[in-house]
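Remember, it's 1-based here, ligands and their atoms both numbered in the order they're listed.
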Amino acid sequence: MSSDCLFCRIVAGELPAAQVYSDSAVVAIRDIAPQAPTHVLLLSRKHIPSVRDLTEADGADVSALFAAAARIAAQEGVSPGGYRLVVNVGRDGGQTVDHLHVHLLGGRPMAWPPG
Ligand code: 5GP
Ligand code: ZN
């Protein structure tokens, strides 16, 4: 836990968020500025700044994020139609919060290439 990290504080329950799912490795919340009808952020409970910092020791945390995403997509009703998982990495990747998270976007067709 990093006390100056927004998502660590949400995971710890110190800051409010609309939680949709939680397990031993993941907390999922609704994005405060949704970019699609369904926009859920899956936060690792562990403070890992970004994909750039991952090591093999984080394998279980990464697989837990994807497994949770599949469950939440089903829960949200977007699984049959399809959805998009996005992980922004670093400034050019569009990352604004330096705590590992996966965006789950669904409920509308997604464009390609992404912006
Ligand atoms: P990034 O740009 O790092 O990939 O994603 C960060 C996401 O966090 C953005 O989509 C942004 O809207 C969302 N966000 C930022 N602050 C908060 C907050 O306080 N609560 C919630 N629920 N989402 C937030
Ligand atoms: Zn953090």
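- Side-chain atoms of E76 do not come within 3.5 Å of backbone N or O of G107 as any donor-acceptor pair.
- Heavy atoms only, all atoms of each residue included: S50 and V89 are closest at OG-CG1, 4.2 Å.
- Put simply, the side chain of R45 never gets that close to the backbone of S22: no donor and acceptor are under 3.5 Å apart.
- Cluster membership check: V40 does not share its hydrophobic cluster with M110, using side-chain heavy-atom separations under 4.5 Å among Ile, Leu, Val, Met, Phe, Trp and Tyr.
- Without hydrogens or angle criteria, R91 side chain to Q95 main chain gives a donor-acceptor distance under 3.5 Å.
- Within the 4.0 Å heavy-atom criterion, the part of N88 lying near ligand 1 is the side chain and not the backbone.
- Without hydrogens or angle criteria, Q19 side chain to A17 main chain gives no donor-acceptor distance under 3.5 Å.
- At a heavy-atom cutoff of 4.0 Å, ligand 1 is contacted by both the backbone and the side chain of T96.
- A distance of 6.5 Å separates CG in L104 from CD1 in I72, rounded to the nearest 0.5 Å.
- With ligand atoms numbered from 1 in the order given, ligand 1 contributes 12 (O) to contacts under 4.0 Å with heavy atoms of A33.
- No single ILVMFWY cluster, assembled from side-chain heavy atoms under 4.5 Å apart, contains both V20 and F7.
- Interface of H103 with ligand 1, defined as ligand atoms under 4.0 Å from a residue heavy atom, comprises 1 (P), 4 (O), 5 (O), 7 (C), 10 (O).
- With a 4.0 Å heavy-atom cut-off, ligand 1 is reached by the side chain of L41 but not by its N, CA, C or O.
- The nearest protein atom to atom 11 (C) of ligand 1, hydrogens excluded, is given as D31 OD1, 3.4 Å; this is a heavy-atom distance.
- Of the polar atoms of V97, at least one N or O is found under 3.5 Å from an N or O of ligand 1, judged by distance alone.
- In summary, of the residues considered (L43, I29, V26), a side-chain contact (heavy atoms from CB on, under 4.5 Å) with V11 occurs for L43 alone.
- Sorting the N, O or S atoms of H47 by how far they are from the Zn ion (ligand 2) puts ND1 first.
- The atoms of ligand 1 that sit less than 4.0 Å from any heavy atom of H101 are 1 (P), 3 (O), 4 (O), 5 (O), 6 (C).
- Residue F7 approaches ligand 1 through these ligand atoms, each under 4.0 Å from one of its heavy atoms: 8 (O).
- Checked by distance only, ligand 1 and I32 come closer than 3.5 Å through their nitrogen or oxygen atoms.
- Ligand 1 lies nowhere less than 4.0 angstrom from a heavy atom belonging to Q35.
- When only non-hydrogen protein atoms are considered, atom 22 (N) of ligand 1 lies nearest to R30 O, 2.9 Å.
- Minimum-distance N/O/S atom of H99 relative to the Zn ion (ligand 2): ND1.
- We find the NE2-CD1 distance between H99 and I48 to be 7.5 Å, quoted to the nearest 0.5 Å.
- At a heavy-atom distance under 4.0 Å, only side-chain atoms of L6, from C-beta outward, approach ligand 1.
- In this structure, G94 counts as a contact residue of ligand 1, since one of its heavy atoms falls inside 4.0 Å of the ligand.
- There is no path of hydrophobic side-chain contacts, each under 4.5 Å, that joins V97 to V102.
- Of the angles at the Zn ion (ligand 2), the one spanning SG of C5 and SG of C8 is 120° when given to 10°.
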